[in-house]
Amino acid sequence: MKIHIRPCLMLLATALLLMASCAHHPDVPSSSSEAKGLPAIFPDYCNVTVPCNIAPLNFMLPADQYEECVARLTTPDGGQQTYGNGVKVQIPKSEWHDMLNASKGKSIKVEVWGKKDDGWLSFSPFEIRVAEEPIDEYVSYRLIEPSYIVYDYMEISQRDITSFAETQIFNNKVSCDNPQGQCINCHSYQNYKTDNMLFHARVTRGGTVIVNDGKVSKVDLKRDYTISPGVYPAWHPTAKLVAFSTNQTHQVFHTAHPNKVEVFDTASDMILYDVEADSVSIISNDSTLLEVFPTWSPDGKYLYYCKSVPLPEELRDKDISYTFQKIQYNIYRRSFDLASRHFGEEELVYDAASSNKSATLPRISPDGRYLLFALGQYGCFHIWHHDADIVCLPLHLGAGTDQAQESPSPLDLSRLNSAGFAESYPTWSSNGHWIMCASRRVDGNFSRVYISYFNNGKAEKAFLLPQEDPEQNTLRLKSYNRPEFMVEPVGISVDEFSKAFK
């Protein structure tokens with residue numbers, strides 16, 4: 001008897017595909033009891049506004065409370081589909097993007113059922129609003145253990161946020177054979193593009209890796225007239241110039257304090273690095289005050305930065321390990337003339353210290369209308385400060401307003417911020433419609449990426465960067481550090497970067 005193996009395999013594959021399809025699109029429960037309120041899904045995607053090109057918003061019900069979950073998604077054109085696999089809802093990318101396209105400028109209706117021992121519960125439906133504005137397709141971040149006491153393996157990764165594809169930009173093992181290890185940090189891009197970018201390596205084979213028009217090199221930014229190499233960077237939007245702060249940074253670890261880790265500077269200045277000439281010039285170096293976190297206006301005509309205010313005279317000779325909670329920063333700016341490379345006089349932009357606060361990590365919106373920053377009680381490193389929130393300040397109020405332009409009121413970002421957890425590292429998408437930050441709101445220990453829709457001065461409810469497996473958000477024991485938007489991926493391989501260190 002002749003056996004046709006290939007047709008048999010085809011039939012088996014078809015059967016498995018049909019079984020997977022049935023499991024993927026389960027039936028809605030025929031009967032259920034009504035539960036009061038919205039479902040306690042994780043991540044919380046109830047009534048959020050998302051980009052029209054975001055990856056599927058997969059979620060789950062608590063596994064310790066429910067046995068199964070079924071969700072039905074309905075688009076404005078009447079399209080409808082169900083999903084559920086155990087307690088998880090995972091939506092195929094192609095089906096999800098079809099739903100986004102059908103719902104652009106409108107909403108997807110989501111109904112959720114959860115099964116317990118005594119039967120099914122039906123929750124109040126919610127909406128996922130789909131904005132017409134897209135988001136930059138890529139983000140990058142450093143993945144690091146959250147304690148910062150010691151480190152072993154760390155990496156700078158990039159993620160396609162229209163899908164779930166994540167790849168490495170660099171890791172600290174590929175070029176390091178020293179037991180002291182290597183720290184990598186502070187990835188930065190010129191105008192959201194990756195043909196001009198940089199990141200630092202510290203300790204073993206340290207230096208700053210510069211990508212200049214796609215060509216990779218490692219440079220030493222330390223000069224005999226600077227207190228350190230360049231630390232926190234900001235690319236000029238049009239010229240091959242990078243503003244850096246130079247910092248003598250220290251950290252301490254609290255034994256009985258909710259903030260756990262404290263990072264502070266004993267000295268910090270600002271420098272300007274000319275990439276083409278490999279030259280470093282001083283922007284400011286006041287030895288009595290601290291200057292940090294430079295950032296440029298979109299037109300390159302102003303450099304914004306944070307600067308500490310003088311301590312009370314009775315504290316100026318005290319050790320900083322005792323006075324760090326008294327150090328507060330305001331936001332300033334200086335005009336910049338590109339032709340002469342001349343910086344103007346310092347201007348106060350935001351006086352945080354007058355309200356007993358400290359401002360850090362400023363970022364200007366692509367249209368130049370808004371100033372985004374993190375605000376806490378003290379210091380400039382708010383990623384562990386539970387009181388730290390993101391603040392947005394209008395810079396231009398428009399013609400015909402009676403309000404003084406010197407002191408506009410901050411916008412309402414209550415739907416972006418969390419209560420009692422640290423928010424830090426705010427940044428804008430290239431079209432100015434999406435704000436991204438790092439937040440510890442899930443558990444207080446790990447910083448994760450949150451995104452909020454911003455339109456005409458209004459910020460919507462922030463949502464967690466979606467993952468293919470929603471449980472990955474809690475199983476991945478890494479913090480997402482310094483999230484940055486990109487309009488394209490880094491095309492240089494890890495091996496090519498490693499050659500710069502060897």
* Could you tell me whether the side chains of Ser297 and Asp299 share a donor-acceptor contact shorter than 3.5 Å? => yes
* **Basic-acidic side-chain contact under 4.0 Å: Arg159, Glu166** => no
* **Tyr450 and Glu423: side chain donor to acceptor below 3.5 Å** => no
* For Tyr192 and Phe485, run ring-ring contact (aromatic ring centres under 6.0 Å, His included): C-alpha distance rounded to whole Å, both residues' side-chain angles, the deciding distance at 0.1 Å, then the answer. => CA-CA 6 Å; Tyr192 303 91; Phe485 281 113; 7.1 Å; no
* Asked: Can a salt bridge be assigned to the pair Glu145 and Lys478 using a cut-off of 4.0 Å between side-chain N and carboxylate O?
  -> yes
* **Ring centres under 6.0 angstrom apart (Phe373, Tyr304)** => no
* Is there a donor-acceptor contact under 3.5 Å linking the side chains of Glu484 and Ser140? -> no
* Asked: Between the side chain of Asn58 and the main-chain N/O of Ile91, is any donor-acceptor distance below 3.5 Å?
  -> yes
* To do: Please determine, by modelled atom types, if Glu111 and Ser122 share a side-chain donor-acceptor pair under 3.5 angstrom.
  => no
* Between Ser447 and Tyr425: side-chain donor-acceptor atoms closer than 3.5 Å -> no
* With sequence neighbours left out, write down each residue that passes ring pair (Phe, Tyr, Trp, His ring centres under 6.0 Å) with Trp96, or none if nothing qualifies. => none
* With the threshold set at 4.0 Å, does a side-chain nitrogen-carboxylate oxygen contact exist between Asp443 and Arg448? -> yes
* Taking the six-membered ring for Trp, are the ring centroids of Phe497 and Phe199 within less than 6.0 Å of each other? -> yes
* Structure fact -> Across all chains, not counting sequence neighbours, the ring pair (Phe, Tyr, Trp, His ring centres under 6.0 Å) partners of His385 are Tyr378, His382
* Let me know which of Glu460, Glu133, Arg129 forms a side-chain hydrogen bond (donor to acceptor under 3.5 Å, both in side chains) with Tyr453. => Glu133
* Is there a donor-acceptor contact under 3.5 Å linking the side chains of Asn212 and Lys240? -> yes
* **Side-chain donor-acceptor pair present, Ser493, Asp495, cut-off under 3.5 Å** => no
